[in-house]
Each structure stands twice: as C-alpha cells, then as structure tokens.
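Please read the structure below before turning to the comments.
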Amino acid sequence: MINIKKNYTISIKLLIFLILLISCSSKEKDSASVVLNDIQIYKSGLSSLENENYKKAIIEFDNLSLNHPFSSLAKKSDIMTAYSLYQNNEIKKSISKLKIFIEMNPNDEFSEYAHYLLAMCYYIQVSNQGRDPSLSIKALNSFMLIMTKYPNSKYAKDSKIKIQYIKNSLANNELDIGKFYLKKNAPASSIKRFKSILQNYQNTSSIPETLYRLTEAFLMIGLRREAVKSDAVLKYNFPYSEWTTLSKSILSDSSSSDEKKSLTSSIKNYFVTIFD
C-alpha cells in the first residue's frame with residue numbers, strides 16, 4: 001500500500017514536471033515566433049514616423065541596424081534613425097550619426113541625402129545662434145558641398161536658395177559689427193568688416209548699405225579718394241537704392257572733372273573686382 005502511494009506521488013511529480021517542461025518549451029516557441037525580421041522592423045519604424053512617434057521610430061530603426069547588420073535595409077535604417085533624431089529635435093545626435101555614416105559610406109547611394117540632412121541640422125540652428133556665425137558657416141559649407149559634389153541632385157535647388165539666405169545673414173551680421181565700430185569711432189576696424197562683405201558676400205542684399213557705410217568710414221579717416229570711389233560704385237550699381245540717395249548728403253558732388261575722369265578707370269576695375 002505504501003509502495004503504491006509512493007509510486008502515485010512520483011507519478012504526480014513527474015506529470016507536473018512534464019507539464020512545466022512542455023509549458024516552457026511552448027513559451028520559447030511563442031517567443032521565437034514573435035521575433036520580427038528586418039522588413040517588419042523597417043515597416044514598423046516607418047509607421048512610427050508617420051504617427052510622429054519619433055522616439056519609438058529611433059529605437060526601431062536602431063534595432064534593425066543592430067540585429068540585422070547585413071540586411072539590405074541596414075544603411076537606409078541608419079539614415080532613418082538620423083532623420084527621426086532630427087524630427088525629435090535631437091540635433092546633436094543626428095549630426096553625430098550622419099557624420100559617422102558619411103565617413104563610413106562616402107559614395108553610398110544614401111550619402112547625398114546624408115549630406116543634405118547634415119546641412120539642414122546646421123541650418124535650423126542658424127536663427128537661434130545670436131551673433132555667433134559658426135553654425136551659419138557650417139551650414140553654408142555643407143550646402144556648398146552639395147552644389148559642388150551633387151550639382152544635378154534634387155537637393156541642389158534648395159541648397160542654392162539656402163546658400164543665398166545664409167550669405168545674407170552672414171553679411172548682415174558683418175554689417176552690424178561694422179556699424180558698431182563706426183559708432184565707437186573706430187573706422188579702421190569697420191572698414192575691414194565692410195571690405196570682408198564686399199569680398200565674401202557678393203550679390204547679397206546688404207551690399208548697397210555696405211558701400212554707403214564704407215564711404216562714411218573712408219571720410220572719417222580722411223581718405224576722400226577712396227570714399228568717392230566707393231560712392232561711385234554705389235551709384236553705378238544701385239542707382240535707385242535708398243542708400244544712393246542718402247549718399248548725396250555725406251559726399252558733396254564738388255569733385256573736379258579731372259578728378260572724376262581719373263577715377264573712371266579705377267571705379268570700373270573696383271566694380272569688376274567686387275561684383276564679377
């Protein structure tokens with residue numbers, strides 16, 4: 001009787017063990033069955049992006065790169081991670097991701113977009129930089145690289161527009177500094193700023209005022225000939241500008257005809273130097 005009872009107890013324990021074993025095996029199979037492949041992860045990441053759940057998208061695209069490094073979607077996933085970071089306003093992380101991608105894949109099919117997104121990362125920070133031009137210069141150089149390396153790309157047209165905007169911004173910044181020096185009675189320092197605008201930011205909206213302020217600065221240090229030359233370039237190229245009208249009040253039109261004739265050639269050369 002005791003042996004029967006012992007055998008019964010052993011049988012019960014064995015049955016419980018088998019049930020637990022089968023249960024664990026079933027859970028492992030279920031767990032294995034929910035592991036997503038690269039295509040499923042990528043689609044899930046895109047879905048998260050569409051729903052503006054950028055944090056989830058970042059995790060999903062990162063997971064694809066980590067778990068499927070040899071997938072045909074791995075590189076594209078790296079770019080999508082950078083884009084999701086950009087959308088989530090994690091700009092520094094996006095820049096870091098893009099720099100690594102460009103360094104590792106200089107001629108990849110996605111490198112063109114990587115350069116453009118990197119330029120955009122700098123560009124969206126320009127308006128928040130105050131008077132520090134470093135981000136503007138980085139954005140400018142990045143967009144100019146696109147124009148040089150990918151002149152026929154779909155990003156070239158937008159890059160050209162943004163280059164002009166950034167140059168206007170940088171020129172205005174230089175102009176403000178130059179005017180500050182003028183107010184502080186430091187015309188020599190202001191002249192350096194104004195000449196920098198004429199040399200580096202041609203065809204920007206600040207050129208007329210720059211020429212006007214340059215005329216002012218030359219007069220302050222007694223360089224009348226240079227002032228007349230700067231004023232002549234202003235009138236020649238911007239005859240209807242408000243700054244041309246204002247220039248009449250700071251530079252009298254009393255120059256002799258001989259002086260004007262002698263300046264004609266140098267004015268033209270000066271004009272070519274600045275605006276060609």
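Being a predicted model, the structure only gives us computed values, none of them experimental. In this chain, residues are counted from 1 in sequence order.
- Looking at heavy atoms from C-beta onward, Y212 lies in side-chain contact with L234 at the 4.5 angstrom threshold.
- The minimum heavy-atom distance between S136 and V126, with the atom names listed, is OG-CG1, 3.3 Å.
- When the side chains of ILVMFWY residues are joined at heavy-atom separations under 4.5 Å, either directly or via intervening members, L211 and L219 end up in a single hydrophobic cluster.
- Placement of I91 and L85 in two distinct hydrophobic clusters is found when ILVMFWY residues are connected by side-chain heavy-atom separations under 4.5 Å, directly or transitively.
- What you find for Y201 and I207 is that their closest heavy atoms are O-CD1, 3.6 Å.
- Atom NZ of K179 has more than 12 neighbouring heavy atoms from other residues, nucleotides or ligands inside a 6.0 Å radius.
- Here the side chain of Q125 pairs a donor or acceptor atom with the backbone of C121 at under 3.5 angstrom.
- Ring geometry, Y116 versus Y113: the interplanar angle falls from 30° to 60°, so the pair is classed tilted.
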Under the side chain to side chain contact (heavy atoms under 4.5 Å, CB included) rule, what do L117 and Y83 come out as? Steps first, then yes or no, please. CA-CA 8 Å; L117 185 56; Y83 177 73; 4.2 Å; yes
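- In terms of heavy-atom proximity, L46 sits nearest to F61 at N-CZ, 3.6 Å.
- If you chain together hydrophobic residues whose side chains sit under 4.5 Å apart, Y54 and I95 fall into the same group.
- Of all the heavy atoms in S205 and P208, the pair that sits closest is O-CD, 3.5 Å.
- Summarising the geometry, atom CG belonging to N53 is positioned 9.5 Å from atom CD1 belonging to I58; distances are rounded to the nearest 0.5 Å.
- If you chain together hydrophobic residues whose side chains sit under 4.5 Å apart, I124 and L135 fall into the same group.
- Within the 3.5 Å criterion, the main-chain N or O of P187 finds a donor-acceptor partner in the side chain of S190.
- To the nearest 0.5 Å, atom CD of residue E209 and atom CG of residue N172 are 8.5 Å apart.
- Proximity of N51 to S47: side-chain heavy atoms (C-beta onward) are separated by under 4.5 Å at one or more points.
- Across every non-hydrogen atom of D38 and L64, the tightest pair is O-CD1, 3.2 Å.
- L49 places a side-chain heavy atom less than 4.5 Å from the side chain of S84.
- A distance-only check finds a donor-acceptor pair linking the side chain of T81 to the backbone of S77 [under 3.5 Å].
- Between the side chain of S111 and the backbone N or O of D108 there is at least one donor-acceptor pair closer than 3.5 Å.
- In this structure a side-chain-to-backbone donor-acceptor pair under 3.5 Å is present from N141 to I137.
- Side-chain atoms of Q164 do not come within 3.5 Å of backbone N or O of I161 as any donor-acceptor pair.
- Side chain to side chain, D231 and T215 fail the donor-acceptor criterion of an N or O pair below 3.5 Å.
- Although no hydrogens or angles enter the test, the distance criterion places no donor-acceptor pair under 3.5 Å between the side chain of S94 and the main chain of E90.
- Side-chain atoms of N105 and F110, non-hydrogen and from C-beta on, never get closer than 4.5 Å to each other.
- The hydrophobic cluster containing I39 also contains M80, counting ILVMFWY residues as joined when their side-chain heavy atoms lie under 4.5 angstrom apart, directly or transitively.
- Side-chain contact between L214 and L198 is present, with at least one heavy-atom pair separated by less than 4.5 Å.
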Taking only distance into account, with no hydrogens and no angle test, what donor-acceptor pairs under 3.5 Å do side-chain atoms of residues 143-152 form with protein atoms, sequence neighbours excluded?
| unit_1 | atom_1 | unit_2 | atom_2 | d |
| --- | --- | --- | --- | --- |
| T148 | OG1 | M144 | O | 3.0 |

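- Residues N185 and M220 have side chains in contact (heavy-atom distance under 4.5 Å, counting atoms from C-beta outward).
- Atom CZ of residue F101 and atom OG of residue S96 lie 14.0 Å apart, to the nearest 0.5 angstrom.
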Tell me, with the steps shown, if K162 and M120 meet side chain to side chain contact (heavy atoms under 4.5 Å, CB included). CA-CA 10 Å; K162 286 181 169 57; M120 287 299 300; 3.5 Å; yes
Would you sort out whether K97 and D62 count as a salt bridge (Lys or Arg N to Asp or Glu O under 4.0 Å), showing the intermediate values? CA-CA 11 Å; K97 190 82 173 177; D62 261 345; 3.4 Å; yes
Check against side chain to side chain contact (heavy atoms under 4.5 Å, CB included), L175 and R213: CA-CA 9 Å; L175 182 58; R213 300 299 179 185; 4.2 Å; yes
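- Side-chain contact between R225 and F218 is absent, with no heavy atoms from C-beta onward closer than 4.5 Å.
- Nearest heavy-atom pair across S142 and A119 is CB-CB, 3.5 Å.
- Residues K167 and N203 fail the side-chain proximity criterion, which asks for heavy atoms closer than 4.5 Å.
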